[in-house]
K.L.:
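Please see the structure below; I have some questions.
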Amino acid sequence: MKLAISTNDGQFDSPFSGRFARCETFIFVDTETRDWEAVFNPAAAARGGAGAQVAQFLANEGVEAAITGRYGPTAMTALNAAGIQ
């Protein structure tokens with residue numbers, strides 16, 4: 001499974017970010033191989049619609065589940081529509 005964990009510094013051992021759509025980076029983790037990579041959040045500075053933009057980005061990257069502190073209502077709707085847990 002491919003996970004996306006919101007972070008503010010892209011470090012694997014840092015606490016996850018409390019903000020989903022506005023975090024600085026995501027850490028993508030492959031739970032089978034335990035490989036991971038930090039990826040810049042392309043919607044971090046979006047003027048609007050960041051939740052939907054991030055959900056689409058994660059879906060395009062093959063993410064199956066996301067971990068963060070808080071999801072806004074638009075982000076949650078978009079994640080559900082994309083089948084991301």
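Only this structure's heavy atoms are used, side chains among them; waters, hydrogens and symmetry mates stay out. Numbers for residues simply follow the sequence, beginning at 1.
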K.L.:
Between Cys23 and Asn8, does a side chain to side chain contact (heavy atoms under 4.5 Å, CB included) hold up when you go through it step by step?
P.N.:
CA-CA 6 Å; Cys23 70; Asn8 288 321; 4.2 Å; yes
K.L.:
Measuring from atom CD1 of Ile27 to atom CD1 of Ile5, what distance do you get when rounded to the nearest 0.5 angstrom?
P.N.:
6.0 Å
K.L.:
Would you say Thr7 and Ser14 are linked by a side-chain donor-acceptor pair, where the criterion is simply a distance under 3.5 Å?
P.N.:
no
K.L.:
Once rounded to the nearest 0.5 Å, what's the spacing between atom CZ of Arg70 and atom CZ of Arg19?
P.N.:
8.5 Å
K.L.:
Would you compute the distance between atom CD of Gln56 and atom CD of Glu61 and round it to the nearest 0.5 angstrom?
P.N.:
11.0 Å
K.L.:
Starting at CD of Glu64, measure out to CE of Met1 and round the result to the nearest 0.5 Å.
P.N.:
5.0 Å
K.L.:
Under 3.5 Å, is there a donor-acceptor pair between the side chain of Ser17 and the main chain of Gly69?
P.N.:
no
K.L.:
Centroid-to-centroid, Phe20 to Phe26, below 6.0 Å?
P.N.:
yes
K.L.:
With clusters defined by side-chain heavy atoms of hydrophobic residues (ILVMFWY) lying less than 4.5 Å apart, directly or transitively, does Tyr71 cluster with Phe16?
P.N.:
no
K.L.:
Give the intermediate values and the outcome of side chain to side chain contact (heavy atoms under 4.5 Å, CB included) for residues Leu3 and Phe28.
P.N.:
CA-CA 5 Å; Leu3 300 176; Phe28 292 163; over 6 Å; no
K.L.:
Start with the C-alpha distance between Trp36 and Asp30, add both sets of side-chain angles, then the distance that settles side chain to side chain contact (heavy atoms under 4.5 Å, CB included), and finish with yes or no.
P.N.:
CA-CA 6 Å; Trp36 67 277; Asp30 183 321; over 6 Å; no
K.L.:
First locate atom CD1 of Ile84, then atom CE of Met76, and finally report the distance between them rounded to the nearest 0.5 Å.
P.N.:
11.0 Å
K.L.:
Mind listing the closest non-hydrogen atom pair of Ala78 and Ala55 along with its distance?
P.N.:
CB-CB, 3.4 Å
K.L.:
With rounding to the nearest 0.5 angstrom, report the OG1 to CD distance, Thr74 to Gln53.
P.N.:
11.0 Å
K.L.:
Side chains of Val39 and Phe57: does their closest heavy-atom pair fall under 4.5 Å?
P.N.:
yes
K.L.:
Which heavy-atom pair separates Arg22 from Ala45 by the least distance, and what is that distance?
P.N.:
NH1-C, 3.8 Å
K.L.:
In this structure, which one of Leu58, Val54, Thr25 forms a side chain to side chain contact (heavy atoms under 4.5 Å, CB included) with Asn41?
P.N.:
Val54
K.L.:
Please name the pair of heavy atoms, one in Ala50 and one in Ala43, separated by the smallest distance, quoted to 0.1 Å.
P.N.:
CB-O, 3.7 Å
